[in-house]
Amino acid sequence: MSLDLVSTLPYDSITSLVRKAAYGLVTTCILGTAVYAGYRVASPEKHLIRRHRHPELNDQIEKVLDSLKISDEQLIHMMHILEEEMNAGLSPATHKKASVKMFPTYVRNIPNGTEVGQVLALDLGGTNFRVLLIDLHGNSKIELTSKIFVIPQSIMIGDGKHLFRHLAECLEEFMEKENILNSGTCYPLGFTFSFPCQQESLASARLTAWTKGFSCSGVVNEDVVKLLQEAINEKGINAKCVSLVNDTVGTLMACAYKDPSTAIGLILGTGTNACYIESLDRVGTWDGDYNEPKQVIINTEWGAFGDNGRLKHLRTKYDEEVDISSINPGKQIFEKMISGMYMGEIVRLIILDLLQHELLFLGHRDTYSDYKAALYNRGGFYTKFVSTVETDEGIKFSNTRRVLEDIGIQNPTYDDCAIVQHICRQVSKRAARLAGAGLAVLINRIGKSNITAGVDGSLYRFHPRFKRNMERCMESLVNKDIKFKLTLSDDGSGKGAAMVACVAERIFEHDKETADYETLTKSLIN
Ligand code: BGC
């Protein structure tokens, strides 16, 4: 195959692309040039290229990337393991030791669009923290104002008291801006707290572990609603936290507000997790009442799938390295193979590996020091770069080139771009297939003929082919008699929390003379 034929190849033909890339890579090396080796095709140099071609180079690249490939059979096997782990989390006999915790959320039903009220919501879970003021009009109409605040790294890993104080300060600043700080009204507040929590009721939740780079002291095993409320009271703010939800639950609720066939909430962002509506008779750990609806939303916390070693056969040396150098080694193994917090780092480690084996950036060997900083530093290749690189179609690689220049590779060759894009594609495709297989387990388990999964998170939103890759693999994994749909949830973690808070508050206000709060919240929402 001559290089001038490449532009007419189907772009998805990865093998040929890499073969071509490796081919051109040698070219680059031989010709001693760093600019678009692929375009230098119909020249006399072609003969030179042919003569010096080292086909084993592409095999070496493929070999490195082979470890990322997961076959359909392996996915099906993984689905069985996940289902076993989920059952272990739901059984009182095994829950304590289970990796996939399957926490009952005390949210028993989905909203129907008639919810009315004005509530505040706090959304903590990723790199940003948001405060929202939400008006539910009762006719499926929602009005919302919000402000994003940054959580400084020092607070993410500092004293828990400082974290909650910071949240209260942000809330105060927001309420002041919205002119509701001194209005005399006590606002109900819904807290989206996207970390694993053992809930004891809707408004009490003990953090079981930090994830996603947080590790504030003095919070694990504590009731985070209580900690938040104490910080709010300390500042004299007129707000009462009436409910806590995980972001997956918020996502499910917000999506169900518009589409009643929604039974799953999925997050693919900084972290990953899913929740779904489960029948009470399968929740051995349920300690609430068994009245209608005989169901409860389960927060699976599937990010911890594999923490007991059961995904060992699917992990690569890059996954192991990402894990070892993380803040929580041995934890969140499934999450570390999928989510945005780790994807760029996996790509970086593969790039480094290829570079060290002299399979990449050959024209730059003399200038290593120029890009040492970005490429050799943990976190130097952002996950958003993966999305950017994969938006390139065709052979121009304008985005990929920009990304490579960003990390210090000046004038990357066609081959550099092609290989880096190939790496990104393999890493993100594996993530999409793993998430798709996890979702297929939930869909098959729910077993209804029509199921919608509400999905949110930066990875899902911004990656150009994540959704497509997920759907493609799910087609063969979901039972044939089930129709499923993935719907992007519109600002779920904020709105969903508001819906739950709104109903919790209404029930509480309505019945506070006759019933205790604990019981009421346990039977939300009818
Ligand atoms: C947390 C989950 C959360 C997910 C997505 C994970 O790290 O454990 O609670 O839902 O990230 O934000």
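Numbers for residues simply follow the sequence, beginning at 1. Both ligands and their constituent atoms are indexed starting at 1 by order of listing. All of these numbers come straight from a predicted model, not from anything done at the bench.
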Discussion item. I'd like to know whether V455 forms a side-chain contact (heavy atoms from CB on, under 4.5 Å) with L488, so could you lay out the CA-CA distance, the side-chain angles of the two residues, the decisive distance to 0.1 Å, and finally the verdict.
Written reply: CA-CA 5 Å; V455 194; L488 182 68; 5.5 Å; no
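Distances from ligand 1 to the non-hydrogen atoms of G269 include no value under 4.0 Å.
Heavy-atom contacts of P196 reach the following atoms of ligand 1: 8 (O), 9 (O) (cutoff under 4.0 Å). In summary, the atoms of ligand 1 found under 4.0 Å from a heavy atom of T211, numbered by their order in the structure, are 1 (C), 6 (C), 7 (O), 8 (O). The ligand atoms of ligand 1 that sit less than 4.0 angstrom from a heavy atom of N273 are 2 (C), 3 (C), 4 (C), 9 (O), 10 (O). Taking a cut-off of under 4.0 Å to the non-hydrogen atoms of F195, the atoms of ligand 1 that pass are 9 (O). The atoms of ligand 1 that sit less than 4.0 Å from any heavy atom of Q332 are 7 (O), 8 (O). If you number the atoms of ligand 1 from 1 as listed, the ones under 4.0 Å from a heavy atom of I267 come out as 5 (C), 12 (O).
E301 OE2, 2.6 Å is the protein heavy atom nearest to atom 9 (O) of ligand 1. The protein non-hydrogen atom at the shortest distance from atom 6 (C) of ligand 1 is E335 OE1, 3.0 Å. Counting only heavy atoms of the protein, atom 10 (O) of ligand 1 lies nearest to D247 OD1, 2.6 Å. When hydrogens are left out, the protein atom nearest atom 11 (O) of ligand 1 is K212 NZ, 3.2 Å; that is the closest non-hydrogen contact.
Taking the six-membered ring where the residue is Trp, F214 and W210 present parallel rings, their angle staying beneath 30° rather than reaching 60°. Classification of the F191-F193 ring pair by plane angle, with boundaries at 30° and 60°, yields tilted.
Using a cut-off of 4.0 Å between Lys/Arg side-chain N and Asp/Glu carboxylate O, E169 and R165 are scored as not salt-bridged. Comment: E172 engages K235 in a salt bridge, judged by a side-chain N to carboxylate O separation of less than 4.0 angstrom.
The shortest N or O to N or O distance between T248 and ligand 1 is not under 3.5 Å.
Sorted by first then second residue, the side chain to side chain donor-acceptor pair (under 3.5 Å) pairs that include residues 147-162, not counting sequence neighbours, number zero.
In this structure, Y106 has its ring center closer than 6.0 angstrom to the ring center of W286.
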